[in-house]
J.: 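Sharing a structure here in structure tokens format.
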Protein chains: 2
Amino acid sequence: MVSIKDVAKCAGVAISTVSKVLNGYPNVSEETRQRVNKAVEELNFVPNSVAAALSSKQAGRVALLINSNMKTNAIDEIDMQYISGALNKAMELNLDVITLFFFMFQNKTADEVARYLQSQSITGIIIYGMSKEDKVLHRLISTGKFKCVVIDAPFVNVSTSCIGVDHRRAQYEVAAKTVMENNCKRILYIAGKRNGYVTDERIRGMEDLVKEKNLTMLVRNGEFSELQARNITLKYAKNKDIVVCASDLMAIGAMKALIQMDIFRPVCGFDGIILMGYVGKQMNTVRQDFASISESAMEELQELMNGGYGRNIVMKHSLVRMKYEDIIA
Amino acid sequence: MVSIKDVAKCAGVAISTVSKVLNGYPNVSEETRQRVNKAVEELNFVPNSVAAALSSKQAGRVALLINSNMKTNAIDEIDMQYISGALNKAMELNLDVITLFFFMFQNKTADEVARYLQSQSITGIIIYGMSKEDKVLHRLISTGKFKCVVIDAPFVNVSTSCIGVDHRRAQYEVAAKTVMENNCKRILYIAGKRNGYVTDERIRGMEDLVKEKNLTMLVRNGEFSELQARNITLKYAKNKDIVVCASDLMAIGAMKALIQMDIFRPVCGFDGIILMGYVGKQMNTVRQDFASISESAMEELQELMNGGYGRNIVMKHSLVRMKYEDIIA
DNA sequence: TTGTACGCGTTATCAC
DNA sequence: GTGATAACGCGTACAA
């Protein structure tokens, strides 16, 4: 393996000078800079990021913490977009990344998780899919040992940023559109996880709509489960005009239930997953660009690791209808 | 951060003794071993894997190379299973893992990729979804710089193992079953990628069947594309008795085409992805346990890194019918 | 059986 | 502007 030492020798300078050039430090003459760069080219030198991480505490090593329940492939789709977006941006920014799933830390304490991350020289983490019950993660964040970016959960402090679409507004918009198109009055709203951050926001969006248009609404928690959404629909949809769901997966469950009941009710979802294209019916949904959300999260994490302050970032969303023809192309 | 030095001090022994205990070396008295372990417990010491990787060249750092085309969520589902299986086993075996996608290395040479991996102190790689055209990967493997485990491609040498189900047999079985159930004579077989390793194996399986049962078969390449499978079906299915597809996704495409043509033909797929449960019709397919394939791959990679020789590993498969009720539960 | 000392490849702090 | 040199945390010959 060609090391910085070889480069130094080849360029006829000291190791520390090479390091300065590589890391863009000042106080290096243009001439030596060029000599070093030439040597780097010649030897095809690539700095060893492991050594860099060991040497400097602020080398950008990042962990992706993913809360995947591994049950439905809708979740898979979203997580894959998250992962690939993050990895892509990380490579661009020259950050090292390790990918971790929550289930690897089952019945581990926050301290244990923190030590594991430190054992990997991790200084920044991005958290996907955190819920209010994830006490371990909350503690992990509040230790302040890591720079954090949290997706879809309102966590902001000096070393923590959060990022996501405006769920309240998005839920309002997609429901309003569907309500208007079908002239509905009585809403069945199948919400997500009880006490979920996103769930609460979306319920607020629905409340905005109900108030503004003078509608009625029954709210039930579907826990983001297709099966529960199905059962809720079977039980309550009959004397409602519309079923609004807090996720596409639940919307699919609701739709299947309606078909079984042999009644028509407009249904709308949330997320814009490709799976929607396979279920046979179109519906309105909110499209989130998970990959670019994740890319932005990685950029933000770099900001934090470079000394920036935590903040709240809102990403764009859009309303779409998904059909098979769009998916297959 | 608590380091090995602290542990040594706490246990009243030398650093190297701690290291020996940690790595299970002999020639340490039971008494000191216990003292060291106690100190480790007390201080909650977790060895820094970055330093370990830097120090010893054979520290197990592994890269997952994933060829995801990021277009369909069926692929997502499979890849997520691969990833989570690998990460899970790696954590169990105390191996560090970085996850990489092929598209990150677009228009990079094998040398460049190798250097990148070395810059990360990677010594072992697992390759998912390699095709015959991936020249860069072939070269990467043949450099011998890394221990490799390749999924579903026949690569075996001293430092390379391969692993996967018996595609020839599996394809034979699922097709045979469907043929028998429906008493078919004329097969339309929609194969995968032209010149794909798996594709060729599966075609052989079909040829076995055709020969044994004295059937006729038309083979067309669907490139694992749902759309192409659809078009092939529209074009050729009419005067065939059955459509056998080399992937579930193509089977879905074929089925949708048949519905549009308003004719019935039995269809069978390959992979056993959850998506199948959403398309409304049941069909026979081959179920592969991608997570456990990936776990076994990680175990095999560890064997290789510990000095084992490359070999060919065959995983089990099973025949299933997927229906919505199974998925949703 | 235990401890000393050096090396892994890099960064960073100083003298020069 | 440049170059020694001490960390970083660990593995491991080698000496004791």
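Residue numbers begin at 1 in each chain, while the letters A, B, ... track the order of the sequences.
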J.: To the nearest 0.5 Å, how far apart are CG in A/Leu301 and OG1 in A/Thr160?
T.: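 So the gap between those two atoms works out to 10.0 Å.
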J.: Does NZ in A/Lys5 sit with more than 12 non-hydrogen atoms of other residues, nucleotides or ligands closer than 6.0 Å?
T.: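 Counting neighbours around NZ of A/Lys5, 12 or fewer heavy atoms of other residues, nucleotides or ligands fall under 6.0 Å, so no.
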J.: With DNA chain D as reference, determine whether B/Phe45 or B/Lys20 sits nearer its 5' end, using the nearest nucleotide of each.
T.: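 Result of the comparison: B/Phe45.
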J.: Between B/Lys89 and B/Glu92, does any side-chain N to carboxylate O distance fall below 4.0 Å?
T.: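 Salt bridge: yes.
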J.: Over all strands shown, is B/Val13 touching base, sugar-phosphate only, or nothing at heavy-atom distances under 4.0 angstrom?
T.: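 The answer is sugar-phosphate, as B/Val13 gets under 4.0 Å only of primed atoms, P, OP1 or OP2.
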J.: Describe, as an angle rounded to 10 degrees, how the axis at the first end of the helix from C/dT1-D/dA16 to C/dC16-D/dG1 is tilted relative to the axis at the last end, five pairs per end.
T.: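 Here the helix ends are tilted 50° relative to one another.
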J.: Determine whether any donor atom in the side chain of A/Ser16 lies under 3.5 Å from an acceptor atom in the base of D/dG3, or the reverse, and answer yes or no.
T.: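 By the distance-only test, yes, there is a pair.
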J.: Could you tell me how far apart A/Lys5 (NZ) and D/dG3 (C1') are, to the nearest whole angstrom?
T.: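 In whole Å, D/dG3 C1' and A/Lys5 NZ are 15 Å from each other.
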J.: Rounding to a whole Å, what distance do you find between A/Leu22:CG and C/dA12:C1'?
T.: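 The answer, rounded to whole Å, is 14 Å.
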J.: Which of these nucleotides, D/dG9, C/dT2, D/dC10, is closest to any side-chain atom of A/Leu54?
T.: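 It is D/dG9.
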J.: More 5' along DNA chain C: A/Ser49 or B/Thr17, using each one's nearest nucleotide?
T.: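 Its nearest nucleotide being more 5', the pick is B/Thr17.
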J.: Give the rounded distance in Å between these two atoms: CD of B/Glu31 and P of C/dT1.
T.: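 It works out to 12 Å between those atoms.
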J.: Check whether the side chains of A/Tyr116 and A/Gln120 place a donor and an acceptor atom closer than 3.5 Å, and report yes or no.
T.: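 Their side chains do contain a donor-acceptor pair, which is all the 3.5 Å distance test asks for.
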J.: Could you check how far CG of B/Asp6 sits from P of D/dG9, rounded to whole Å?
T.: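 It works out to 9 Å between those atoms.
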J.: Separation of B/Asn48 atom CG from D/dA7 atom P, in whole Å?
T.: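 Taking CG of B/Asn48 and P of D/dA7, I get 18 Å after rounding.
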J.: Identify, between B/Tyr25 and B/Ala51, the residue whose nearest nucleotide on DNA chain D lies closer to the 5' end.
T.: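 Looking at DNA chain D, the more 5' nearest nucleotide goes with B/Ala51.
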J.: Give a yes/no answer on whether the side chain of B/Asn23 brings an N or O atom under 4.0 Å of OP1 or OP2 in D/dG11.
T.: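 Result: yes.
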J.: Tell me if a side-chain donor or acceptor on A/Arg35 pairs with a main-chain N or O of A/Ala11 at a distance below 3.5 Å.
T.: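 Yes; at least one donor-acceptor contact below 3.5 Å.
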J.: If the cut-off is 4.0 Å, is A/Ser19 near the phosphate of C/dT10, judged by side-chain N/O to OP1 or OP2?
T.: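 False: A/Ser19 side-chain N/O out of range (4.0 Å or more) of C/dT10 OP1/OP2.
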J.: Would you mind reading off the distance between A/Ile4 atom CD1 and C/dT11 atom C1', rounded to a whole angstrom?
T.: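 Whole-Å distance recorded here is 8 Å.
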J.: Does a side-chain N or O of B/Asn27 approach OP1 or OP2 of C/dT1 to a distance below 4.0 Å, or not?
T.: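 B/Asn27 to C/dT1 OP1/OP2: side-chain N or O found under 4.0 Å.
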J.: Check this one for me: any side-chain N or O of B/Thr32 less than 4.0 Å away from OP1 or OP2 of C/dT2?
T.: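 Yes.
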J.: For B/Glu30 and C/dT2, what is the distance between atoms CD and C1' respectively, to the nearest whole Å?
T.: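 Value for this atom pair: 16 Å.
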J.: Kindly say whether A/Phe290 contributes a backbone atom to a donor-acceptor pair with the side chain of A/Ser294 at under 3.5 angstrom?
T.: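 Pair absent, no side-chain N/O of A/Ser294 close to backbone of A/Phe290.
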J.: Classify the side chain of B/Ser55 and the base of C/dG7 as holding, or not holding, a donor-acceptor pair under 3.5 Å.
T.: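 In this structure, the two groups form a donor-acceptor pair.
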J.: Output the rounded distance in Å from CD1 (B/Ile15) to P (C/dG7).
T.: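 Taking atom P of C/dG7 as the reference, CD1 of B/Ile15 is at 16 Å.
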J.: Examine distances only and state if a side-chain atom of B/Thr123 and a backbone atom of B/Gly60 form a donor-acceptor pair shorter than 3.5 Å.
T.: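 Judged by distance alone, no pair lies under 3.5 Å.
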J.: Would one find more than 12 heavy atoms of other residues, nucleotides or ligands at under 6.0 Å from atom NZ of A/Lys38?
T.: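 Count not over threshold, so no.
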J.: Under 4.0 Å from OP1 or OP2 of D/dT2: is there any side-chain N or O of A/Ser29 that close?
T.: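 A/Ser29 to D/dT2 OP1/OP2: side-chain N or O found under 4.0 Å.
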